[in-house]
Amino acid sequence: MKAVILLSGGLDSSTILYQAKADGCECHAISFDYQQRHHRELHSALQIAQQAGVSKHQVVNFDLRQWGGSALTDDAIALPQQRSLEEMSQNIPVTYVPARNTIFLSFALAYAETIAAERVYIGVNALDYSGYPDCRPDYIQAMQEVFRLGTKQGREGQAITIVAPLIDLKKTEIIQLGNQLGVPWELTWSCYAGGDVACGVCDSCRLRLAAFAELGLKDGVAYAE
């Protein structure tokens with residue numbers, strides 16, 4: 001079974017790559033250079049793909065900075081720091097990139113249909129404190145219908161399936177799953193800040209660190225703070 005894996009190099013996407021491997025899939029990883037602030041994640045994506053032994057890993061290039069609208073694509077928008085988990089849960093944050101997962105899934109769908117893949121794996125998680133609108137179950141269900149209606153493969157009764165195995169898991173449960181699958185956490189990258197060392201204070205770092213701490217585990221990634 002062929003599968004396209006959306007691989008950012010982060011904790012969640014690395015876990016779904018290893019889950020796809022455990023599911024017996026021939027894995028074709030796809031990453032995106034959209035001129036994101038945290039461009040460093042692509043280095044981790046490359047390392048994770050190599051470590052996992054994917055059949056192919058591709059990086060798609062486009063520029064979302066020409067529109068901005070997010071702290072990840074516009075340096076004029078300050079990156080939230082030192083926020084509590086409660087603060088993170090109150091509103092959709094400025095790190096939300098407009099329509100990002102729709103763009104990513106569109107590329108993945110085109111790639112999947114081209115290579116006659118049966119599945120597209122995406123590491124969205126509805127229980128993250130961020131509450132991104134394009135990480136929720138109703139969104140994934142809607143995109144599954146797009147996959148069915150918008151492709152030759154789907155219209156002929158062989159729709160490509162979106163697999164989102166982490167969507168209902170807590171971050172601690174994702175780490176536990178990744179441990180079972182053998183994900184090399186030290187190679188992954190979650191920080192939004194854009195440096196060569198994880199900042200430890202952005203929302204993504206704090207969510208990650210809190211989950212490892214709750215489990216009594218040490219994160220293998222080095223942090224500046």
Side-chain angles (χ1 to χ4, degrees), residues 6-16 31-45 62-104 122-140 164 166-175 178 185-215 217-225:
L6 292 171
L7 180 66
S8 69
L11 186 151
D12 296 343
S13 72
S14 299
T15 301
I16 61 158
S31 303
F32 300 96
D33 181 351
Y34 55 98
Q35 298 301 302
Q36 60 268 47
R37 180 194 294 258
H38 54 308
H39 191 268
R40 163 65 177 77
E41 68 178 357
L42 293 173
H43 175 68
S44 286
F62 53 96
D63 185 5
L64 290 183
R65 280 187 176 268
Q66 61 187 321
W67 298 327
S70 167
L72 301 187
T73 55
D74 185 345
D75 291 336
I77 301 176
L79 193 70
Q81 295 183 342
Q82 296 287 16
R83 297 205 302 166
S84 68
L85 301 188
E86 182 180 357
E87 287 175 306
M88 292 181 208
S89 67
Q90 291 177 357
N91 298 294
I92 297 172
V94 294
T95 51
Y96 162 68
V97 179
R100 180 175 60 178
N101 280 343
T102 304
I103 295 167
F104 288 177
I122 182 169
V124 292
N125 173 243
L127 299 184
D128 253 352
Y129 290 88
S130 58
Y132 290 160
D134 54 358
C135 291
R136 302 178 188 184
D138 56 355
Y139 167 78
I140 294 298
L166 312 183
I167 199 159
D168 293 322
L169 299 185
K170 298 176 182 177
K171 191 67 76 178
T172 51
E173 293 172 325
I174 295 170
I175 293 172
W185 300 126
E186 70 280 2
L187 299 182
T188 64
W189 188 262
S190 299
C191 182
Y192 286 155
D196 292 327
V197 178
C199 71
V201 296
C202 71
D203 287 0
S204 187
C205 281
R206 287 179 68 81
L207 283 170
R208 175 177 174 138
L209 284 167
F212 273 101
E214 185 176 337
L215 291 170
L217 300 174
K218 179 175 172 54
D219 188 349
V221 170
Y223 289 86
E225 297 186 36

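Because the structure is predicted, anything quoted here is derived from the model rather than measured.
Residues Val221 and Trp185 fail the side-chain proximity criterion, which asks for heavy atoms closer than 4.5 Å. Counting heavy atoms from C-beta outward, Asp134 and Tyr96 have side chains that approach closer than 4.5 Å. Within the 4.5 Å cutoff, the side chain of Cys205 has heavy atoms near those of the Tyr223 side chain. Proximity of Leu166 to Glu173: side-chain heavy atoms (C-beta onward) are nowhere separated by under 4.5 Å. At least one side-chain heavy atom of Phe62 sits less than 4.5 Å from a side-chain heavy atom of Ile103. The shortest distance between side-chain heavy atoms of Val97 and Phe104 does not fall below 4.5 Å. At least one side-chain heavy atom of Leu72 sits under 4.5 Å from a side-chain heavy atom of Arg100. Under the 4.5 Å side-chain criterion, counting only non-hydrogen atoms from C-beta, Thr73 is in contact with Tyr34.
Closest approach of Leu42 to Ser31, counting heavy atoms only: CD2-CB, 3.9 Å. Closest approach of Gly69 and Ile77 over heavy atoms only: C-CD1, 4.0 Å. Heavy-atom minimum distance, Ser44 versus Gly9: CB-O, 3.7 Å. The minimum heavy-atom distance linking Glu186 with Gly220 is given by the pair CB-O, 3.9 Å. Residue Cys135 comes nearest to Asn101 through the heavy atom pair SG-ND2, 3.7 Å, listed as atom of the first residue, atom of the second, then distance. Smallest separation of non-hydrogen atoms from Ser70 and Thr95: OG-O, 3.4 Å.
A 6.0 Å sphere centred on CG of Asp138 holds more than 12 heavy atoms belonging to other residues, nucleotides or ligands. Residue Glu87 places its CD atom among more than 12 non-hydrogen atoms of other residues, nucleotides or ligands, all under 6.0 Å distant.
One finds the CG atom of Asp196 at 7.5 Å from the CZ atom of Arg40 (value rounded to the nearest 0.5 Å). Between the CZ atom of Phe32 and the OG atom of Ser8 there is a distance of 10.5 Å, given to the nearest 0.5 Å. To the nearest 0.5 angstrom, Ser13 atom OG is 10.0 Å from Ile122 atom CD1. For the atom pair OG1 of Thr188 and CG of Asp12, the computed distance is 9.5 Å after rounding to the nearest 0.5 Å. With rounding to the nearest 0.5 Å, the separation of CG in Leu79 from SG in Cys199 is 7.0 Å. Of the inter-residue distances, the one linking Leu11 atom CG with Trp189 atom CH2 reads 13.5 Å to the nearest 0.5 angstrom.
In summary, of the residues considered (Leu207, Asp168, Ile174), a side-chain contact (heavy atoms from CB on, under 4.5 Å) with Asn125 occurs for Ile174 alone.
One finds no salt bridge joining Arg37 and Asp74 here, because no Lys/Arg side-chain nitrogen approaches an Asp/Glu carboxylate oxygen to under 4.0 Å.
Donor-acceptor pairing under 3.5 Å is lacking for the side chains of Arg208 and Ser204.
With hydrogens and angles disregarded, no donor-acceptor distance shorter than 3.5 Å links the side chain of Arg83 to the backbone of Asp203. Judged by distance alone, with hydrogens and angles left aside, the side-chain atoms of Asp33 form a donor-acceptor pair with the main-chain N or O of Gln35 at under 3.5 Å.
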